[in-house]
Amino acid sequence: MKNVYDVFMERGFVEQTTDDEAISQLLDRQEITCYIGFDPTATSLHIGSLVPIMALAHIQRHGHRPIALIGGGTGLIGDPSGKTEMRQVLTREQIDYNAQCLQEQLSRYLDFGEGRALLLNNADWLTKLNYIEFLRDIGRHFSVNKMLAAESYKVRLEKGLNFIEFNYMLLQAYDFLYLFKNHDCVMQMGGNDQWGNMLAGSDLIRRMEGKTAHSMTFPLITTSTGHKMGKTEKGTVWLDARLTSPYEYYQHWINTEDEDVERFLALFTFLPIDEIRQVRALTDVSLNMAKAVLAFEATRITHGEEAAAGAWQASSRAFQPKPVAEGLFPSSTIPRRGGAEDLSAIPSLELPLETIQSGMTTNELFFRTGLCASKGEARRLIEQGGAYINDVQVVSFDEKIDMHHTDALGVIRLRKGKKKHFLVIVK
RNA sequence: GGAGGGGUUCCCGAGUGGCCAAAGGGAGCAGACUGUAAAUCUGCCGGCUCAGCCUACGGAGGUUCAAAUCCCCCCCCCUCCA
């Protein structure tokens, strides 16, 4: 039977490790404990954290014990790895609140029952550290010369690196040591930008305990056009349904580039690898089916079967794609034929009748729905012919909205460009 | 602590008294082409009651008819010296 390491390899989870051979054997022979850290910089994780999450899920599925470590303590410092500027410092309260949100979120992917997985927060031990003791016991094992040579600090050395951030590596190494000693954690995984910090942990354990603990990194996932997954600020695709609805989440995945479909199916779904390999033979419309499967499965994992079905239905309704062929991805539970008329998953907004009748113009409407960030933007959109009401192109931005725009159910269907659908429900 | 160089719109980065809502690039949005793809081409890209007004060039003052640009103070960053 395949061990997790084989699974990681064939699904593209591995960038580099401290020892391929040893890790494979370790995961083959016994149940081990393995951890990944998550920074509580926001109230939700985004799809950039999906690879680590999926990795932990695979670990668990193969009978090992994952630890999701919330960086409540390290979050107070900010990891400089790969960043060009010092991260904005968050307050203790923000961090605590974020950590709490992340805990909740992670339990959707992992089973934390009966010690099958652990959820820890390094604030629990890091905030209790005594500076002098820490320097004497831990700090002595770190060579500044070596740290300065680390790739993760290079960028910052040119721009300026604050002492507080310089300590991040020590704390992360200490985390690993702590988990090694207290929870038998023998492996750490993380993004490739963490490699230096992770190695520092493996090193520290060897120096202080005389034992081996492994590190393994994931490749930085970019789209084939070179974009990072789940960027910051506006374009971020969050895992929290309140920040990115299941429908939007689904749409994000269905817009995956051709070249990425196979890779993403392997990374972001649990579908059997044999079925995934088949997408190589697909083109055009049939490749779009594979994208639908990717979107459906990814949405199902994050938001559940029901939400995924809803998103599928709304998407199918809006874009009228060919249904996924029966023989394709037999393991997927994606619906194979057209569903009923269900628009509930499309983003919507309720507006009172009076508001509509008070002479609201088309550009105001697009602004109110959030489809456009300002009235000026809505106006430009309309002028460029990218706005539609009930599938009819809007020609003038100051046209008044009235009841003849609503259908029998009191709904106005808006569209921005070809893809962004929105419903206004008149009450 | 000393000397020098910097802080510009989402990001990078030009601009050194009016022609600056600020070049150029990136990101983003829309249009064409397509397959809800990519690439390419085109337009847009601070806000508003939109031929006008308001808000913006680290922060607070000042000079001037006019300041991102000049002066003063403050904050922050970088380099070298200590």
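A, B, ... follow the sequence lines: proteins, then strands. Residue 1 opens every chain. All figures in this text were calculated on a predicted structure; none of them were measured in a lab.
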Practice task
Fit a plane to each ring of A/F268 and A/W253, take the angle between them on a 0 to 90° scale, and name the class: parallel (under 30°), tilted (30 to 60°) or perpendicular (over 60°).
Solution key: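 A/F268 and A/W253: tilted rings.
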Could you tell me how far apart [X] ([atom1]) and [N] ([atom2]) are, to the nearest whole angstrom?
| X | N | atom1 | atom2 | result |
| --- | --- | --- | --- | --- |
| A/F264 | B/A37 | CZ | C1' | 12 Å |
| A/E364 | B/C50 | CD | P | 12 Å |
| A/Q320 | B/G35 | CD | P | 16 Å |
| A/R368 | B/C48 | CZ | P | 14 Å |
| A/Q251 | B/C29 | CD | P | 14 Å |
| A/R380 | B/A30 | CZ | C1' | 11 Å |
| A/N255 | B/G28 | CG | P | 13 Å |
| A/E262 | B/A37 | CD | C1' | 16 Å |

Between the main-chain N or O of [Y] and the side-chain N or O of [X], is there a donor-acceptor pair closer than 3.5 Å?
| X | Y | value |
| --- | --- | --- |
| A/S107 | A/Q103 | yes |
| A/N122 | A/G72 | yes |
| A/K2 | A/V7 | no |

With rounding to whole Å, what would you report as the distance between [N] and [M] at their [atom1] atoms?
| N | M | atom1 | value |
| --- | --- | --- | --- |
| B/G15 | B/C70 | C1' | 16 Å |
| B/U55 | B/A67 | P | 13 Å |
| B/A22 | B/U9 | P | 15 Å |
| B/C53 | B/G2 | C1' | 49 Å |
| B/C74 | B/G7 | C1' | 14 Å |
| B/U69 | B/G6 | P | 14 Å |
| B/C41 | B/A56 | C1' | 33 Å |
| B/C57 | B/A3 | P | 29 Å |

Which nucleotide in [options] has an atom nearest any side-chain atom of [X]:
| X | options | value |
| --- | --- | --- |
| A/K420 | B/A30, B/A38, B/C48 | B/A30 |
| A/R379 | B/C50, B/U36, B/G47 | B/C50 |
| A/K291 | B/U34, B/U36, B/A37 | B/A37 |

Could you tell me the Watson-Crick or G-U partner of [N], where both distances fall under 3.5 Å? Say none if there is no partner.
| N | answer |
| --- | --- |
| B/C80 | B/G2 |
| B/U16 | none |
| B/C45 | none |
| B/A56 | none |
| B/U64 | none |
| B/C10 | B/G26 |

Exercise for the section: Ignoring backbone atoms, test whether A/K419 places a side-chain nitrogen or oxygen under 4.0 Å from the OP1 or OP2 oxygen of B/A37. Expected result: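 For A/K419, the contact criterion (side-chain N or O under 4.0 Å from OP1 or OP2 of B/A37) is met.
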Handout entry: Under 4.0 angstrom between A/K375 side-chain N/O and B/U49 OP1 or OP2
Key =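 For A/K375, the contact criterion (side-chain N or O under 4.0 Å from OP1 or OP2 of B/U49) is met.
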Practice task
Measure centre to centre between the rings of A/H303 and A/Y250, then say whether the value is under 6.0 Å.
Solution key: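 Between A/H303 and A/Y250, the centre distance exceeds or equals 6.0 Å.
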Exercise for the section: Let me know, please, whether A/N363 or A/I254 comes out on the 5' side of the other along RNA chain B by nearest nucleotide. Expected result: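 So the residue in question is A/I254.
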Handout entry: Upstream residue (5' side of RNA chain B) when A/F367 and A/L287 are each assigned their closest nucleotide
Key =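 Nearest-nucleotide comparison on RNA chain B picks A/L287.
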Exercise for the section: Describe the nucleic acid contact of A/T256 in one word from base, sugar-phosphate, nothing, applying a heavy-atom distance below 4.0 Å. Expected result: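 Sugar-phosphate: the residue A/T256, judged by heavy atoms under 4.0 Å, touches backbone atoms but no base.
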Exercise for the section: Pick base, sugar-phosphate or nothing for A/G376, based on heavy-atom distances below 4.0 Å to the nucleic acid. Expected result: base
Practice task
Kindly give the heavy-atom pair with the smallest separation between A/N3 and A/H62, and that separation in Å.
Solution key: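 So the minimum-distance heavy-atom pair works out to C-CD2, 4.2 Å.
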Problem - Minimum-distance pair of heavy atoms, taken over all atoms of A/L110 and A/P66 - result: CD2-CG, 4.3 Å
Practice task
Return the residues of residues 383-394 of chain A meeting this criterion: a heavy atom under 4.0 Å from some atom of RNA chain B. Order them by number, or give none.
Solution key: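 Contacting residues: A/Q384, A/G385, A/G386.
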Problem - SB check A/R136 A/E133 (cutoff 4.0 Å) - result: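 Answer for the salt bridge query: no.
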Exercise for the section: Mark yes or no: A/R61 above the aromatic ring of A/F270, with NZ or CZ under 6.0 Å from the six-membered ring centre and no more than 45 degrees from the axis. Expected result: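 Checked: cation-pi criterion met.
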Practice task
Indicate whether any N or O donor in one side chain lies under 3.5 Å from an N or O acceptor in the other, for A/E305 and A/T333.
Solution key: yes
